[in-house]
Amino acid sequence: MKEYQTITEISGPLVFVETDEPVGYDEIVEIETGDGQTRRGQVLESASDYVAIQVFEGTEGIDRNASVRFLGETMKMPVTEDLLGRVMDGTGQPIDGGPEIVPDERQDIVGAAINPYSREYPEEFIQTGVSAIDGMNTLVRGQKLPIFSASGLPHNDLALQIARQASVPEEEEGDDEDGSEFAVIFGAMGITAEEANEFMDDFERTGALERSVVFMNLADDPAVERTITPRLALTTAEYLAFEKDYHVLVILTDMTNYCEALREIGAAREEVPGRRGYPGYMYTDLAQLYERAGRIEGREGSVTQIPILTMPGDDDTHPIPDLTGYITEGQIYIDRDLNSQGVQPPINVLPSLSRLMDDGIGEGLTRADHADVKDQIFAAYAEGEDLRDLVNIVGREALSELDNKYLDFADRFEDEFVDQGFDEDRDIDETLELGWDLLSMLPKDALNRIDEELIEEHYREEEQAEEVAAD
Amino acid sequence: MSQATESDVREDGIIESVSGPVVTARDLDARMNDVVYVGSEGLMGEVIEIEGNITTIQVYEETSGVSPGEPVEGTGAPLSVDLGPGMLDAIYDGVQRPLDVLEEKMGSPYLDRGVDAPGIDLEKTWEFEPTVEEGDTVESGDIVGTVPETPSIDHKVMVPPDYEGGEVTATESGNFTVEETVVELDNGEEIQMRQEWPVRSQRPAKDKETPTEPLISGQRVLDGLFPIAKGGTAAIPGPFGSGKTVTQHQLAKWADADIVVYVGCGERGNEMTEVIEDFPELEDPITGNALMDRTCLIANTSNMPVAARESCVYTGITIAEYFRDMGYDVALMADSTSRWAEAMREISSRLEEMPGEEGYPAYLSARLSEFYERAGYFQNINDTEGSVSVIGAVSPPGGDFSEPVTQNTLRIVKTFWALDADLAERRHFPSINWNESYSLYRDQLDPWFVENVREDWPETRQWAIDTLDEEAELQEIVQLVGKDALPEDQQLTLEIARYLREAWLQQNAFHPTDTYCEPEKTYRIMDAIKTYNDAAFEALEAGVPVEEITDIDAAPRLNRIGVQEDYNEYIDDLEDDITSEIREMY
């Protein structure tokens, strides 16, 4: 292994080194500073006489005399089932004081693309116990469903609630024939120590830590390190899912910090920027993370991703949420208005979407009436939302009886269906029955999205009677 | 992909530098757009720039670990596709490597590097039946025989367009592989079932004609309001979550084309898997055979190498043109052309080219128009007629239609299906905005609808458009003063328009019956609403209060026509009930 002391330029996170032997693209590099510290980095560009290196742990303290070693391999990480229960920093070094990790295997952290032909289409319902998700935007195993949030909103509480409650109905019935276990991988990028504590406390309190692997890159850790943290998390997830048959839920927070780090590297390399200064390849880069969710034919496990991102200025046309939305299979919106009304979790179901929902629900999966009930609730709630604007102008008296019912529906939907608190775990039956309770406020012939037979079966005649009596 | 078979390998070069998918090589003797093999693993790439001694190459595979000094090998041939029987029912990556073969060869569900596979199976034998005899004279492009490729499609074996043609000296029927000669000509040319064509050149045709036949999609909002012609072009722009992909899938499933080429360009892996799992089980509404029998899939998901994303639309359209040459109507869906444009942008920025608008290369508009121009209704060189219809999804950042890809696309295509996030949010699907969308084919397709569906198709449709337009205007007032403040006739219009929206424009892609709606049914639903409209306005004039008219029991049944299989009877009854119920009021 050849050592060079030929650094020509240090600029931001980048180091340029003159070389006289070829160095492979993406190879891992170790840089030893004068005071004996070792920093790791990766080759960003390799030419015949020089190499550009991106240093993960920051370049401060590196001078032109530092020695550079090329390790001759791309970035790999040790993987083993023993990672469960461990806490690592953003580069994969244990920080929990536990024993050294003895790897079963070493895997490339830039995972290869899954052949679309080898994938299995995700259609197994995951019950999160959150009505606004289970009922209206169902999550399935192997899906990537981000949470679109913004500063000051309780997205972390929701993520924790999902991590705590997520289950697949068959497991509850003790039908555990495939022997697959559930694991949570938590990848934190640039979150504050306080947020990190919140997560860790919850993991410890609920005993979830022993089935979790935690990667922590905190706000004061080097930004460039953030570009590898999610890759470590996903490599661990793939190993546990596809080699060890776990059903893995990966929570990545906060993707906005990850993208900021990408922008920082792009700027340091003087690349032609795309929208708002983010690199033109950000779509490809994000896709290489998000697309690592899924199922593979013939393997038991699955990787489900819930990336969390905070939208700068609550703006979902900002490149980060925008590109994310184009790659992920839907999104869950956390809403500021609902939050200030005290709705927990403050999920706005209207712009939220789960693309894989239609194949994951229905008879045999959730319930036969699920799709119709969901459609009808969406339509009725949208109608009620529209009318709220109007009511501000003309008042309730000017509206028809039916319009008033839609308004009441929208209110009750938020108060009873969406607002359930971060500690309540509702199963899918409860959620759908609650949906019927609400829909029965409306007259039967307004339920135009629901099959007539299902209306006969589930519609609550007494709700109508009560309504009339109350009038 | 076929370069592997070209044997005239050129001089080797040496890698000079590596930066992501862009590699430069020294001393490589290659022409522009030639395919080369890069590095000791033999990664496939294409020459995109030559400057003095330095050749720039875009590599179609991951370049991790590739280092300067490794060899580069030229093939002397441009990026080409293999054309021949075996393309239907196949699923390819962006450079026509069959994904099932790759899985087998790599022995892993992950895509490895440096593995090559021919686009069509070279060992499989096909039953060839000549349509020419010894002594016949054939010219380039002529059909010389047929092969039953799938239950739906007879593959026509043609004289390659770059052959001169001549007198047939030998041919026989029998089972052959695609590389065996099936027809010999007197000038020494030998015709095989397989031919190659460079993806970036259009296959020749005699004449481009004005399309006059609609590509029936089975989607009411498209067939009814914004039809596309066979040989036409359409764009579907929309923000994420507005239903681009579902619309594309619906078209791929139900469009009455003979062949469907579906290009998944930089989109989600799970979505492609859905297509791969769904299509073999679905039935073609016209032939009753499996949908896969007429479908060729090209899947280059967003995490697959970016350069192959750039090439996948060309691979797709070349395959489409080949089937067009046989006289088939081909529909090509590209989902999404924005990802293709972004791939161009990414490569361009790695080349440090001067950027145009929003970082896209200055040649973006030229590339887009070049691509869409390969669509059309053609008189082929063998005198058959065939068409290629191109439907491109566009994913504008932030749903903003003023961005370069949407704008440059709209300048070329003649049909515009604008997807609307508001409609999607209230789960109005397909969420195609009827006020913003347009089809420039409407007038030239009307004669077909008049002849094949109903004589008053154009008039009834115009009535629907007028009603929806009026609703849009009235809604603005309603927002201010509420519905009850409107005069009675306008309230009634709103009610009628609501049925047009809910019963006619909305269509449930996931309902087994509603997912496909034939033109006759599209007409009848529209007409049933018009029947209600006419009866209702008559009653209103006779003094019946609007509440009573809109409150009739039969009207909500309009919303259920879509899901009726025997819709004719249902609509007959419904129309009778509506008219008699209203009649009784005065």
Side-chain angles (χ1 to χ4, degrees), chain A residues 22-27 44-48 74 110-122 142 271-275 280-281 283-284 287-288 291 294 296-297 317 319 322 325-327 329-331 350-351 353 356 358-359 371 375 378-379 382 389-390 393-394 398-400 445 448, chain B residues 16-20 62-70 91 99-100 102-103 109-112 240-241 266 268-270 272-274 276-277 299 301-304 306 339 342 345-346 349 352 355 358-359 395 397-400 421 425-427 478-485 502 510 556 559:
Chain A
V23 174
Y25 176 71
D26 264 358
E27 254 181 39
L44 276 190
E45 190 176 343
S46 172
S48 52
T74 50
V110 184
I114 302 177
N115 187 333
Y117 184 79
S118 314
R119 277 181 188 269
E120 194 176 315
Y121 190 65
E271 289 167 346
V272 180
R275 278 210 307 150
Y281 49 80
Y283 178 83
T284 309
Q288 281 168 352
E291 277 292 333
I296 292 180
E297 214 158 299
T317 66
D322 191 53
Y326 276 121
I327 305 164
E329 284 132 357
Q331 64 279 330
L350 289 179
L353 171 74
L356 301 182
D358 291 296
D359 294 296
D375 285 343
F378 267 122
D389 294 336
L390 187 57
I393 302 169
V394 298
L399 296 183
S400 68
D445 58 9
N448 56 359
Chain B
E16 177 75 17
S17 73
V18 187
S19 165
E62 285 297 330
T63 53
S64 286
V66 174
S67 60
E70 289 184 28
I91 163 158
L99 288 171
D100 49 343
L102 289 186
E103 182 188 65
Y110 297 102
L111 288 170
D112 205 350
F240 60 80
R268 304 173 180 90
N270 282 332
M272 288 317 296
T273 309
E274 185 187 4
I276 298 166
E277 287 185 9
T301 56
S302 54
N303 55 342
M304 282 156 77
V306 66
R339 305 294 160 234
E342 280 162 14
R345 173 166 75 181
E346 195 171 328
S349 101
E352 298 178 358
E358 290 196 17
S395 320
D400 170 15
E425 218 168 86
R426 50 178 62 234
R427 302 313 192 255
V478 169
Q479 288 300 323
L480 294 176
V481 297
K483 197 161 139 190
D484 291 345
E502 291 179 359
F510 299 96
N559 283 327

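Below, all heavy atoms of this structure are taken into account, side chains as well, without hydrogens, waters or symmetry copies. Being a predicted model, the structure only gives us computed values, none of them experimental.
Here OG1 of B:Thr63 is found 5.0 Å from OH of A:Tyr25. Values are rounded to the nearest 0.5 Å. Atoms NZ and CG, from B:Lys483 and A:Leu390 in turn, are 10.5 Å apart once rounded to the nearest 0.5 Å. Remark: B:Met272 CE to A:Tyr121 OH distance equals 12.0 Å, nearest 0.5 Å. Taking CZ from A:Arg119 and CD from B:Glu274, the interatomic distance works out to 13.0 Å, rounded to the nearest 0.5 Å.
Judged by distance alone, the side chains of A:Glu291 and B:Thr301 never bring a donor and an acceptor atom under 3.5 Å apart.
Contact count against chain B (heavy-atom pairs under 4.5 Å) is highest for A:Val23 among A:Ile296, A:Val394, A:Val23. The most heavy-atom pairs under 4.5 Å with chain B, out of A:Ala382, A:Ala112, A:Ala379, come from A:Ala112. Listed options A:Ile327, A:Leu399, A:Asp445, A:Asp375 were ranked by heavy-atom pairs under 4.5 angstrom with chain B; first place goes to A:Ile327. The most heavy-atom pairs under 4.5 Å with chain A, out of B:Pro355, B:Ser67, B:Gly241, come from B:Ser67. Residue with the most contacts toward chain B among A:Val110, A:Thr74, A:Asp322, A:Asp26: A:Asp322 (heavy-atom pairs, distance under 4.5 Å). Of the listed residues (B:Ala485, B:Gly65, B:Gly359, B:Ala421), the greatest number of heavy-atom pairs within a distance under 4.5 Å of chain A belongs to B:Gly65. Note on B:Ser395, B:Pro556, B:Gly266: by heavy-atom pairs under 4.5 Å with chain A, the leading option is B:Ser395. Note: A:Pro122 leads A:Pro319, A:Gly294, A:Pro122 in heavy-atom pairs under 4.5 Å with chain B. With chain A as partner, the option from B:Asn270, B:Leu111, B:Asp484 having the largest number of non-hydrogen pairs under 4.5 angstrom is B:Asn270. Comparing A:Leu44, A:Ile393, A:Thr284 by heavy-atom pairs within less than 4.5 Å of chain B, the highest count is held by A:Thr284.
A heavy-atom distance below 4.5 Å is not found between the side chains of B:Glu103 and A:Glu297. Looking at B:Phe240 and A:Leu353, their side chains never come closer than 4.5 Å, going by heavy atoms from C-beta outward.
Proximity of a side-chain donor or acceptor of B:Arg268 to a complementary backbone N or O of A:Tyr326 within less than 3.5 Å is detected. Not a single donor-acceptor pair under 3.5 Å links the side chain of A:Tyr281 to the backbone N or O of B:Val306. Put simply, the side chain of B:Arg427 gets close to the backbone of A:Leu350: a donor and an acceptor are under 3.5 Å apart.
Both the backbone and the side chain of B:Glu16 come within contact range of chain A, judged by heavy atoms closer than 4.5 Å. Neither the backbone nor the side chain of B:Glu70 comes within less than 4.5 Å of any heavy atom of chain A. At a 4.5 Å heavy-atom cutoff, the contact between A:Gln288 and chain B is made by backbone and side-chain atoms alike. Contact annotation for A:Asp358: only side-chain heavy atoms (C-beta onward) come within less than 4.5 Å of a heavy atom of chain B. Residue A:Gln331 touches chain B through its side chain alone, counting heavy-atom pairs closer than 4.5 Å.
The heavy-atom pair separating A:Asn115 from B:Leu99 by the smallest distance is ND2-O, 3.0 Å. Of all non-hydrogen atoms in A:Ala287 and B:Asn303, the two that sit nearest each other are O-CB, 3.8 Å. When all heavy atoms of B:Glu346 and A:Gly280 are compared, the closest pair comes out as OE1-O, 4.5 Å. Counting all heavy atoms, side chain and backbone alike, A:Pro22 lies closest to B:Pro68 at CB-O, 2.6 Å.
Residue B:Glu358 qualifies as enclosed at atom CD: its count of foreign heavy atoms under 6.0 Å is above 12.
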